[in-house]
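Note that the numbering runs from 1 along the sequence shown for the chain.
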Amino acid sequence: MASVIVVFSRADENYEVGYVTEGNTAKVADAIAAATGAPIIEILPAEPYPATYDGTVERVKKEMEDGVEAAIAVRMRAGDDAEVDVSADSAFAAADTVYLGYPIWCGVPPLEVDTFLRGHDWAGKTILPFITHGGSGFKETPEHIAALTGADVRPGLAVTGVVAQRDPEAVRRAVEGWLGV
């Protein structure tokens, strides 16, 4: 059974944690990769977000109001020790289990995640969502993902951004508990 981690995360200024070099959701993705050995596919906005939290919120709200379909770039992320020798498309195609990570923005996944979901074939895949949030939890995002993909969406893992940034041991324990390892 092959698996892959697909993640959207944003560095720079984040809610309640200040400026960070690695986004909250990426921190959780790293812990999942450490526990599973799965490669990480990053979803990136074609146009980077502002470095400030308020600037990002302003742009996100405007794009949501305007019904924008976000343009994205997708890339494999190399692990600490290994070079990536497979494309994002082939890693995704080979996986039957997808750990899908995203922050909750205004109660929903970022528009870039929707673009990725719509652009891929999810037949026969199981999605295990994981999120970072500032207190909202998942909201209705698992149902949203299931509606967009038709995939089997299983119970997910929710971690606050503060814990993701400041307590790696708590993230490790939460990931291992969620995965049953």
Side-chain angles (χ1 to χ4, degrees), residues 3-61 63-64 70 72-82 84 88 98-116 127-142 144-145 154-181:
S3 61
V4 68
I5 300 162
V6 176
V7 63
F8 177 89
S9 192
R10 183 184 156 281
D12 296 323
E13 186 182 24
N14 274 246
Y15 182 71
E16 293 187 324
V17 297
Y19 282 89
V20 296
T21 57
E22 182 178 31
N24 303 336
T25 314
K27 295 261 188 195
V28 180
D30 292 341
I32 295 168
T36 65
I40 298 175
I41 298 171
E42 289 182 301
I43 304 168
L44 304 165
E47 178 186 334
Y49 281 93
T52 65
Y53 176 78
D54 288 341
T56 296
V57 169
E58 185 178 309
R59 176 174 150 191
V60 166
K61 286 182 177 180
E63 289 176 346
M64 291 172 81
I72 62 171
V74 177
R75 70 174 181 202
M76 294 297 297
R77 189 169 90 195
D80 292 337
D81 303 325
V84 174
V98 178
Y99 300 97
L100 178 66
Y102 52 92
I104 298 295
W105 285 2
C106 303
V108 297
L111 295 173
E112 290 80 2
V113 174
D114 282 5
T115 298
F116 183 89
I127 299 173
L128 287 92
F130 63 97
I131 64 157
T132 54
H133 63 97
S136 66
F138 271 99
K139 303 294 255 173
E140 288 79 35
T141 64
H144 173 78
I145 291 166
R154 299 285 173 88
L157 173 67
V159 177
T160 65
V162 171
V163 169
Q165 285 295 331
R166 298 187 181 146
D167 195 346
E169 182 59 24
V171 172
R172 184 192 63 74
R173 285 191 312 270
V175 164
E176 289 178 357
W178 176 54
L179 298 174
V181 295

Indicate yes or no: at least one non-hydrogen side-chain atom of Trp105 is less than 4.5 angstrom from one of Val113.
no
Could you tell me whether the side chain of His144 reaches within less than 4.5 Å of the side chain of Asp114, counting heavy atoms only?
yes
Let's go through Glu112 and Arg10 carefully: what are the C-alpha distance in whole Å and the side-chain angles of both, what is the deciding distance for side-chain contact (heavy atoms from CB on, under 4.5 Å) to 0.1 Å, and is it a yes or a no?
CA-CA 11 Å; Glu112 290 80 2; Arg10 183 184 156 281; over 6 Å; no
Closest non-hydrogen atom pair between Gly161 and Asn24, with its separation:
CA-ND2, 3.5 Å
Provide the closest heavy-atom pair for Ala164 versus Val159 in the form atom of the first, atom of the second, distance.
N-CG1, 3.8 Å
To the nearest 0.5 Å, what is the distance between CG on Leu100 and CD1 on Ile145?
5.0 Å
Can you check ring pair (Phe, Tyr, Trp, His ring centres under 6.0 Å) on Tyr15 and Tyr53, steps first, answer last?
CA-CA 7 Å; Tyr15 182 71; Tyr53 176 78; 5.7 Å; yes
Please find the pair of heavy atoms, one from Val162 and one from Val17, that lie closest to each other, and give the distance.
CA-CG1, 3.7 Å
Where do Trp178 and Pro129 come nearest, in terms of heavy atoms and distance?
CZ2-O, 3.4 Å
Would you say Thr25 and Phe130 make side-chain contact, with heavy atoms under 4.5 Å?
yes
Can you see which heavy atom on Ala33 is nearest to which on Ile40, and at what distance?
CB-CD1, 3.9 Å
Where is the tightest heavy-atom contact between Ser136 and Lys139, given as atom of each residue plus distance?
O-CD, 3.7 Å
Starting at OG1 of Thr160, measure out to CZ of Arg166 and round the result to the nearest 0.5 Å.
9.5 Å
Check for a donor-acceptor pair, side chain of Thr56 on one end and backbone N or O of Pro50 on the other, with a separation under 3.5 Å.
yes
Evaluate whether atom CD of Glu58 has more than 12 neighbouring non-hydrogen atoms of other residues, nucleotides or ligands under 6.0 angstrom away.
no
Just how far is it from atom CG of Leu111 to atom SG of Cys106, taken to the nearest 0.5 Å?
9.5 Å
Rounding to 0.5 Å, atoms NZ (Lys27) and CZ (Arg172) come to a distance of 15.5 Å
Atom pair CG (Asp167) and CZ (Arg173), whose distance is rounded to the nearest 0.5 Å
6.0 Å
Candidate pair Val60 and Tyr49, rule side-chain contact (heavy atoms from CB on, under 4.5 Å), full reasoning
CA-CA 9 Å; Val60 166; Tyr49 281 93; 3.8 Å; yes
Measure the shortest side-chain to side-chain distance between Ile41 and Phe8 over non-hydrogen atoms and say whether it is less than 4.5 angstrom.
no
Answer yes or no: is there a side-chain heavy-atom contact under 4.5 Å between Phe116 and Ile72?
yes
Supply the atom-to-atom distance Ile32 CD1 to Leu128 CG, rounded to the nearest 0.5 angstrom.
8.5 Å
